[in-house]
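Note sheet for the following structure.
Quick caveat: nothing in here was measured; it's all calculated off a predicted structure. Atom set for the values below is all heavy atoms of this structure, side chains included, hydrogens, waters and symmetry mates excluded.
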Number of protein chains: 2
Amino acid sequence: MELSVPRYLQVKHGLERQIAQGTLRTGAFIPSEHELQAQFKVSRTTVRRAVELLVDDGVLTIIRGRGTIVAPTRLTHKVTDLMSFTELMRRQGLEPAAIGLRVERRRPAEDVAVRLGLGPGEEAYEVFRVRTADGAPISINVSFLPTHAVEVTGLAGLSREQSLYKVLAEDCFIEVSATEDTIQAVKATRAQAATLSVRSGDPLLLIERMAYTRDGSLIEFSRIHIRGDRYKHTIALRRR
Amino acid sequence: MELSVPRYLQVKHGLERQIAQGTLRTGAFIPSEHELQAQFKVSRTTVRRAVELLVDDGVLTIIRGRGTIVAPTRLTHKVTDLMSFTELMRRQGLEPAAIGLRVERRRPAEDVAVRLGLGPGEEAYEVFRVRTADGAPISINVSFLPTHAVEVTGLAGLSREQSLYKVLAEDCFIEVSATEDTIQAVKATRAQAATLSVRSGDPLLLIERMAYTRDGSLIEFSRIHIRGDRYKHTIALRRR
DNA sequence: GTTCATTTGTCCGTATGTATT
DNA sequence: AAATACATACGGACAAATGAA
């Protein structure tokens, strides 16, 4: 039995391959929908679906009445894709690692409890880590997870796998489907400065993230303090 | 002749209205696609298109085999929507204004010229502004626009309208359709500190933005230095 | 455990409208 | 004016997931 990949994805991948190989060149028109139907032996509906996805990805641009071209501008990473910290680091060409992993179960500070929507006295898991890139400390990461959403045993995988989201997906079967990041510039406290090998008062990027599952329930609140001089956070947005 | 709004948008707006009015409640199932067909007197294709758009907006969540619910979690702003600085400020409940508008035409610094893709000696328009919120200076904004992309006369509207993107759209008929932001934490220089009423060395958020039109050509490169203590930058992402 | 109705996912063929050349 | 290409819309068919009988 074969694993059936939807036709529209097959067409999408086919087009992506042709673009990667240079068969379809940047700025040039791709075959019309009619021609693509013949080429891939699918209906127009299916062709349009594949093209639509590539337009959303910023790979293709449709010019009504004329045709569809391979978008001349290629944003550095796929638009609006949700990315874990690990992925973000790799984009910068840095090899990410984590040290000083510590998992605790306790009542978090009140502002965190409010964000997690915890009842009075309710506890949460706190995951502490210091992330490094090419060996140098680059960020201090604290994640808070509601105890009712995840088992502590499920978090054991963190010792071998750096990505919290991967562990949640593979060991807890929890898929993070949406995030909301708030980004600020703050001064490094003395403790943070020591950990990150910078001077006290130096600028840090503070990213606070709320992560949600597909059904909309909160799965994680995290705070990441990042060295301002070693890291750039990139976001691509697209108007529909 | 009537201005024809596509049926799928009519359905989308109909559903949005029902959600806003509370006819469809958060967390509850909306009518099945079959029922929506009957309700709006359209085909299933059209119903599905409308629902798909609302899912992308984070308003609805589809549970396969069961139905579609009104998403319990409402992210603070529409996911992946591209927003101008003016819009972003209003979200924070602040009244934005701009002072010290200055437009110059000249050869920009080399790193900027490279980003704009300028040929040797080619010039660009530089738009300087200091943005305020509720009267207090909050950011220093410098925009660079290629001279071949926009007329200087078109930028005259900036004196009455704060939003560069609105002026580009209304006076130059240029629509910004995608942006790529890079965010860093930096130390305020002495000049920046003076302008923003902070201390030299205090943390600032530096947002560098590349803005593109629909056909993929670069229309703007901008640098925004923002007071770290007065501003939070929020981004919502969604995995497809 | 199996069957069955319901609901969403994929796919097709066709028809008509609108924009561009 | 005509041809081409994308946009919208319909109706039907079967597959896959879910939950209940």
Side-chain angles (χ1 to χ4, degrees), chain A residues 1-15 24 27-71 173 175 177 213-216 239-240, chain B residues 1-15 24 27-71 173 175 177 213-216 239-240:
Chain A
M1 193 151 93
E2 60 164 326
L3 193 135
S4 85
V5 175
R7 309 277 280 266
Y8 68 88
L9 282 184
Q10 292 178 28
V11 174
K12 185 193 175 206
H13 297 148
L15 289 172
L24 298 176
F29 284 93
I30 69 170
S32 71
E33 294 174 355
H34 185 73
E35 289 169 307
L36 290 175
Q37 279 187 67
Q39 183 177 328
F40 288 98
K41 305 263 194 297
V42 296
S43 73
R44 185 153 170 238
T45 316
T46 305
V47 167
R48 281 184 61 78
R49 184 116 188 235
V51 169
E52 195 182 353
L53 290 178
L54 289 170
V55 168
D56 285 346
D57 282 350
V59 174
L60 296 180
T61 300
I62 294 179
I63 305 173
R64 188 172 173 178
R66 290 198 58 200
T68 300
I69 60 176
V70 181
F173 308 104
E175 284 275 353
S177 114
T213 59
R214 213 171 74 104
D215 66 5
R239 171 168 278 154
R240 266 206 310 271
Chain B
M1 197 154 85
E2 59 165 323
L3 192 136
S4 84
V5 175
R7 308 276 280 263
Y8 68 87
L9 282 184
Q10 293 178 28
V11 174
K12 185 193 176 207
H13 297 150
L15 289 173
L24 297 177
F29 283 94
I30 70 171
S32 71
E33 294 174 356
H34 185 74
E35 290 170 307
L36 290 176
Q37 280 186 64
Q39 183 177 327
F40 289 98
K41 305 261 194 294
V42 295
S43 71
R44 186 162 167 229
T45 315
T46 306
V47 167
R48 280 183 62 77
R49 183 124 185 228
V51 169
E52 195 182 354
L53 290 176
L54 289 169
V55 168
D56 285 346
D57 283 350
V59 173
L60 296 180
T61 300
I62 294 178
I63 306 173
R64 187 174 174 179
R66 292 200 59 201
T68 301
I69 62 176
V70 180
F173 306 105
E175 284 275 354
S177 115
T213 59
R214 213 173 72 106
D215 66 6
R239 172 169 276 154
R240 267 206 307 272

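What separates CG of Leu36(B) from C1' of dT6(C) is a distance of 14 Å, to the nearest Å. When rounded to the nearest whole Å, the span between CD of Gln37(B) and P of dT7(C) equals 12 Å. Rounding to whole angstrom units, CZ of residue Phe29(B) and P of dT7(C) are separated by 10 Å. For the pair Ile30(B) CD1 and dT7(C) P, the computed distance is 12 Å after rounding to whole Å. In this entry the distance linking CD of Glu33(A) with C1' of dC12(C) reads 15 Å, nearest Å. Counting to the nearest Å, the P atom of dC12(C) and the CZ atom of Phe40(A) are 13 Å from each other. In this entry the distance linking CD of Glu35(B) with P of dT6(C) reads 11 Å, nearest Å.
Partners of Ser32(B) by side-chain hydrogen bond (donor to acceptor under 3.5 Å, both in side chains), not counting sequence neighbours, listed by chain and number: Glu35(B). Scored by the side-chain contact (heavy atoms from CB on, under 4.5 Å) test, Arg7(B) finds Gln10(B), Val42(B), Thr46(B) as partners (sequence neighbours excluded). Looking at residues two or more places apart in sequence or on another chain, you find a side-chain contact (heavy atoms from CB on, under 4.5 Å) between Arg48(B) and Glu33(B), Arg44(B). When the side-chain hydrogen bond (donor to acceptor under 3.5 Å, both in side chains) test is applied to Arg66(A), no partner is found at least two apart in sequence or on another chain.
Within the structure, every side-chain polar atom (N or O) of Thr46(A) is placed at least 4.0 Å from both OP1 and OP2 of dT10(C). Between Tyr8(A) and the phosphate of dT10(C), there is a side-chain N or O to OP1/OP2 separation shorter than 4.0 Å. Of the side-chain N and O atoms in Arg49(A), one or more sit less than 4.0 angstrom from OP1 or OP2 of dT10(C).
Note on the helix from dT2(C)-dA21(D) to dT21(C)-dA2(D): terminal axis deviation equals 10°, with five pairs used at each end and the result rounded to 10°.
Paired with Leu36(B) under the rule side-chain contact (heavy atoms from CB on, under 4.5 Å), one option of Thr68(B), Val11(B), Ile30(B) passes, and it is Ile30(B).
With a heavy-atom cut-off of 4.0 Å to chain A, the contacted part of DNA chain D has its first and last nucleotide at dA5(D) to dT8(D).
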| message | Treating primed atoms plus P, OP1 and OP2 as sugar-phosphate and everything else as base, which nucleotides of nucleotides 15-21 of chain C get B, S or - for protein heavy atoms under 4.0 Å? | response | B-BSBSS

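Within the nucleic acid shown, Thr45(B) comes within 4.0 Å of at least one base atom, counting heavy atoms only.
The 12-atom threshold is exceeded at NE2 of His13(A), counting heavy atoms of other residues, nucleotides or ligands nearer than 6.0 Å.
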